[in-house]
Asker: 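I'd like to ask you about the structure that follows.
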There are 2 protein chains.
Amino acid sequence: MSTDTKSAVLDSAERIARACGFDGFSYADLAEEVGIRKASIHHHFPTKAALAVTLMQRYHKTLDEACTHIVVTEVSGSAQLRAVVDQYRSALDGGKSLCLCVAFSTSRESLPADVITQISRFRTMMITWLKEIFEAGKADGTITLVGDPPMEAAAGLALMEGAQLAARAEETPALFENAMQLLLQRCS
Amino acid sequence: MSTDTKSAVLDSAERIARACGFDGFSYADLAEEVGIRKASIHHHFPTKAALAVTLMQRYHKTLDEACTHIVVTEVSGSAQLRAVVDQYRSALDGGKSLCLCVAFSTSRESLPADVITQISRFRTMMITWLKEIFEAGKADGTITLVGDPPMEAAAGLALMEGAQLAARAEETPALFENAMQLLLQRCS
DNA sequence: GTCTATATGTGGATAGAC
DNA sequence: GTCTATCCACATATAGAC
């Protein structure tokens with residue numbers, strides 16, 4: 001039961017944090033969703049800071065693996081880029097959720113320093129993947145480039161995160177699609 | 001800046017809300033910054049919901065007027081677009097602040113319904129201005145368009161908001177610049 | 001309009017029994 | 001590992017004196 005409970009807490013924390021932000025979830029919320037008491041959550045994660053760090057580490061690993069899978073599975077640059085966009089679309093969950101990195105970013109003042117470091121690492125990782133994908137799209141001619149790959153990567157991540165934010169605020173997935181059109185039409 | 005207490009409270013609330021988000025600021029914070037007691041804040045704004053609505057209304061008006069000024073002052077489409085980007089850059093305040101709309105968006109679950117309506121109106125307004133600006137840039141040939149103006153407008157807003165978010169999370173304004181390069185290089 | 005005082009709920013976190 | 005019970009700080013909000 002021990003290891004199971006710990007991941008149940010993490011699953012619950014990720015869900016609520018991505019829906020409500022860092023300041024928007026509490027141990028009481030987790031306790032109710034997991035079905036144990038607040039004190040038991042503290043047994044697994046002594047502080048909220050520790051929980052948030054573990055959450056970001058797990059999220060980083062998951063996304064890194066997802067991108068590795070995309071790059072080895074999809075053959076063309078455009079197909080890889082569309083797959084990454086699909087990833088952000090599904091993370092939106094119909095406008096009810098955000099990427100954990102986006103969800104945490106507005107709460108900088110209340111975040112433990114470790115989590116800010118994790119956020120930085122996460123965006124660096126995503127930009128590295130996107131740069132690689134834009135390079136592939138340039139090489140195989142399946143993406144129409146407007147700037148060089150590093151520039152495209154930085155803009156691409158900001159675009160996806162900003163599109164998520166608008167769609168989440170109004171629980172309207174169409175706002176995500178509207179913002180992504182310009183990028184997607186450049187993929188053959 | 002503010003002659004009366006009510007606008008002093010609004011100024012303070014806007015500053016802290018843009019730095020910390022909706023769940024990240026309290027009446028105690030405002031009271032300390034303005035130099036009066038919490039109960040006095042409640043005299044001007046009975047609830048936090050009422051304060052947030054007033055805040056968004058004022059912010060909407062300010063930005064709408066700023067865009068009007070930009071469009072009548074700057075002659076070319078590219079100059080207008082650069083001026084809007086300047087607006088978002090200065091709203092960042094060196095990585096210490098966000099656009100109020102961005103700052104509120106991740107806290108959807110705790111926001112009063114009125115504020116969500118205001119957020120929707122705000123983004124619609126900004127997209128309308130951007131569409132007009134991209135149309136001007138297309139007509140005078142000072143912006144290289146990648147899609148039609150409505151598409152460019154939706155992507156442009158998401159890009160600026162996403163770029164702010166990353167720069168704010170790490171208090172690193174360069175991250176905003178990195179994400180904006182691709183757009184700015186399309187302006188003559 | 002601003003104050004003191006207070007009500008009432010919730011936040012994260014701990015002690016110690018089982 | 002999980003529980004009950006409790007701590008203390010802080011949240012929004014109200015009552016009523018000045």
Side-chain angles (χ1 to χ4, degrees), chain A residues 1-56 100 103-104 106-116 118, chain B residues 1-56 103-104 106-116:
Chain A
M1 285 286 188
S2 54
T3 311
D4 257 351
T5 304
K6 194 161 181 170
S7 16
V9 171
L10 279 172
D11 290 345
S12 182
E14 183 179 320
R15 196 195 68 75
I16 309 182
R18 286 173 53 183
C20 308
F22 182 79
D23 294 320
F25 84 97
S26 72
Y27 272 53
D29 298 328
L30 304 182
E32 187 177 3
E33 208 174 90
V34 175
I36 54 176
R37 299 292 171 172
K38 281 195 298 175
S40 309
I41 313 273
H42 279 283
H43 171 77
H44 296 287
F45 300 99
T47 65
K48 195 179 177 181
L51 171 58
V53 170
T54 308
L55 218 48
M56 274 301 300
L100 186 61
F104 277 178
T106 51
S107 316
R108 188 187 206 276
E109 290 302 301
S110 17
L111 291 178
D114 295 3
V115 173
I116 295 174
Q118 296 281 335
Chain B
M1 283 281 183
S2 43
T3 52
D4 55 322
T5 306
K6 193 162 181 170
S7 10
V9 171
L10 280 172
D11 290 345
S12 182
E14 183 179 319
R15 197 194 67 75
I16 308 182
R18 286 174 53 184
C20 308
F22 183 79
D23 294 320
F25 83 98
S26 72
Y27 273 53
D29 299 328
L30 305 182
E32 187 177 2
E33 207 173 90
V34 176
I36 55 175
R37 298 290 172 172
K38 283 190 294 176
S40 309
I41 313 273
H42 279 283
H43 171 77
H44 297 286
F45 301 99
T47 64
K48 194 180 177 179
L51 171 58
V53 170
T54 308
L55 218 49
M56 273 302 298
F104 276 179
T106 51
S107 315
R108 188 186 206 274
E109 290 302 301
S110 16
L111 291 177
D114 296 2
V115 173
I116 294 173

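Note on naming: letters A, B, ... go to the chains in the order of the sequence lines (proteins, then strands), and numbering restarts at 1 for each one.
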Asker: Check the distance between dC10(D)'s P and L30(B)'s CG and give it to me in whole angstrom.
Answerer: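 Distance, rounded to whole Å: 16 Å.
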Asker: Please give, in whole Å, the distance from dT4(D) P to H43(A) NE2?
Answerer: 16 Å
Asker: I want to verify a distance call: between dT14(D), dT2(D), dT2(C), whose nearest atom is closest to the H44(B) side chain?
Answerer: dT2(C)
Asker: Identify, with sequence neighbours excluded, every residue that meets side chain to side chain contact (heavy atoms under 4.5 Å, CB included) alongside A52(A).
Answerer: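 A52(A): side chain to side chain contact (heavy atoms under 4.5 Å, CB included) contacts with F22(A), F104(A), V115(A).
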Asker: Mind listing the closest non-hydrogen atom pair of A31(A) and K38(A) along with its distance?
Answerer: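 Heavy atoms only, the tightest pair is CB-N, 3.7 Å.
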Asker: Using a cut-off of less than 4.0 Å, is there contact between a side-chain N or O of S40(B) and OP1 or OP2 of dG1(C)?
Answerer: no
Asker: Just to verify, what does I116(A) make a side chain to side chain contact (heavy atoms under 4.5 Å, CB included) with, not counting sequence neighbours?
Answerer: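 Per chain and number, I116(A) pairs via side chain to side chain contact (heavy atoms under 4.5 Å, CB included) with R108(A), L111(A).
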Asker: Could you write out each protein N or O paired with an N or O of nucleotides 9-12 of chain C at a distance under 3.5 Å?
Answerer:
unit_1: dG11(C); atom_1: OP1; unit_2: S26(A); atom_2: OG; d: 3.1
unit_1: dG12(C); atom_1: OP1; unit_2: F25(A); atom_2: O; d: 3.3
unit_1: dG12(C); atom_1: OP1; unit_2: K48(A); atom_2: NZ; d: 3.2
unit_1: dG12(C); atom_1: OP2; unit_2: Y27(A); atom_2: N; d: 2.9

Asker: With S12(B), which residues qualify under side chain to side chain contact (heavy atoms under 4.5 Å, CB included), at least two apart?
Answerer: I16(B), L30(B), E33(B), V34(B)
Asker: My understanding is that only residues two or more places apart in sequence, or in another chain, count here; which of them pass side chain to side chain contact (heavy atoms under 4.5 Å, CB included) with A50(B)?
Answerer: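 If we apply the side chain to side chain contact (heavy atoms under 4.5 Å, CB included) test to A50(B), skipping adjacent residues, the hits are T47(B).
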Asker: When the distance from CZ of R37(B) to C1' of dT6(C) is rounded to whole Å, what number comes out?
Answerer: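 Interatomic distance, CZ of R37(B) to C1' of dT6(C): 15 Å.
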Asker: Go through dT2(C), dA5(D), dG1(D) for me and flag the one nearest to the T5(B) side chain.
Answerer: dT2(C)
Asker: To the nearest angstrom, how far is L51(B) atom CG from dA11(D) atom P?
Answerer: 14 Å
Asker: Can you list the residues that meet the salt bridge (charged side-chain N to carboxylate O under 4.0 Å, His left out) rule with E32(B), with sequence neighbours excluded?
Answerer: none
